[in-house]
Amino acid sequence: MFDTLYSQVGAVFTGLVILLAFWKGEEPEKIAAGAYGLGWFASMLVQDDGNLYGAQWSMMAIDLVMLGVLGALVWKARRAWAVWATAMQLLVFASHVLMLVDMRPSISAYYFVINLAGYGVLLAIGVGAFWVWMERRAAGLE
């Protein structure tokens, strides 16, 4: 799980963004950060490192649930960051669908898109939490 420097740096970045969202964000940011954290942890538990070329159904299901959570936030919360996070998550899910319908991109491209889009979701959540924090400070509420 944390055997490479890349995964360790990613874990620290993920933890910091989730902490920022819970510390300074409002309810939509906390919901998104909580869902992302649970999905991230669940993905580490269910990933099949031995199955490099087949569809990973459990990972696909986790990403579909995350897409649903973010889609609900777009609909209910009306925040710009939620639209960006949902777009990135849709890209992750579309990558799973490509593997499912046997369109077989190279495995390195598949993992690159999933990882980069995952960081895009995380970045959007972090930016959303930061904006909410700055708006509260500008309003004198903090």
Q) Between A35 and V69, which heavy-atom pair has the shortest distance, and what is it? A) CB-CG1, 3.8 Å

Q.
Assigning hydrophobic clusters by single linkage (Ile, Leu, Val, Met, Phe, Trp, Tyr; side-chain heavy-atom cutoff under 4.5 Å), is V92 placed with M99?
A. yes

Q | Minimum heavy-atom distance A117-L91, with the two atoms named | A | CB-CD2, 4.1 Å

Q | Worked verdict on L70 versus Y36 for side chain to side chain contact (heavy atoms under 4.5 Å, CB included) | A | CA-CA 10 Å; L70 291 173; Y36 190 92; over 6 Å; no

Q: Could you tell me whether R79 and E29 have a side-chain N and a carboxylate O separated by less than 4.0 Å?
A: yes

Q: Quick one: pull up CD in E135 and CG in L141 and give me the separation to the nearest 0.5 Å.
A: 10.5 Å

Q) How long is the span from the OH atom in Y110 to the CG atom in L98, to the nearest 0.5 Å? A) 9.5 Å

Q) Between A85 and V121, what is the shortest heavy-atom contact and its length? A) O-CG2, 3.4 Å

Q. Shortest non-hydrogen contact from A21 to A33?
A. CB-CB, 3.4 Å

(Q) Is there a continuous path of hydrophobic side-chain contacts, each under 4.5 Å between heavy atoms, that joins W40 to L45? (A) yes

Q: With sequence neighbours excluded, give me every side chain to side chain donor-acceptor pair (under 3.5 Å) pair touching residues 123-133.
A: W133-E142

Q. If you round to the nearest 0.5 Å, how far is CD1 of I31 from NZ of K76?
A. 11.5 Å

Q: Could you state whether L19 and I125 fall into the same hydrophobic cluster, counting links through intermediate Ile, Leu, Val, Met, Phe, Trp or Tyr residues with side-chain heavy atoms under 4.5 angstrom apart?
A: no

Q. Apart from L116 itself, what residues make up its hydrophobic cluster, given side-chain heavy atom links below 4.5 Å?
A. F112

Q.
For the OG1 atom of T86 and the CH2 atom of W81, what is their distance to the nearest 0.5 Å?
A. 8.0 Å

Q.
Quick check on R136: does its CZ atom have over 12 non-hydrogen neighbours (other residues, nucleotides or ligands) under 6.0 Å away?
A. yes

Q) Heavy-atom count around Y119 OH within 6.0 Å, excluding the residue itself: above 12? A) yes

(Q) Within this structure, what is the NZ-CE distance for the pair K24 and M134, rounded to the nearest 0.5 Å? (A) 8.0 Å

Q) Honestly curious: do V17 and Y6 fall in one hydrophobic cluster under the side-chain, below-4.5 Å linking rule? A) yes

Q. Which heavy-atom pair separates L20 from G126 by the least distance, and what is that distance?
A. CD2-O, 3.8 Å

Q.
Count I, L, V, M, F, W, Y as connected when their side-chain heavy atoms are under 4.5 Å apart, and connections chain through other members. Are L38 and M88 then in the same cluster?
A. no

Q. About how many Å separate CE of M66 and CG of L90, when rounded to the nearest 0.5 Å?
A. 13.0 Å

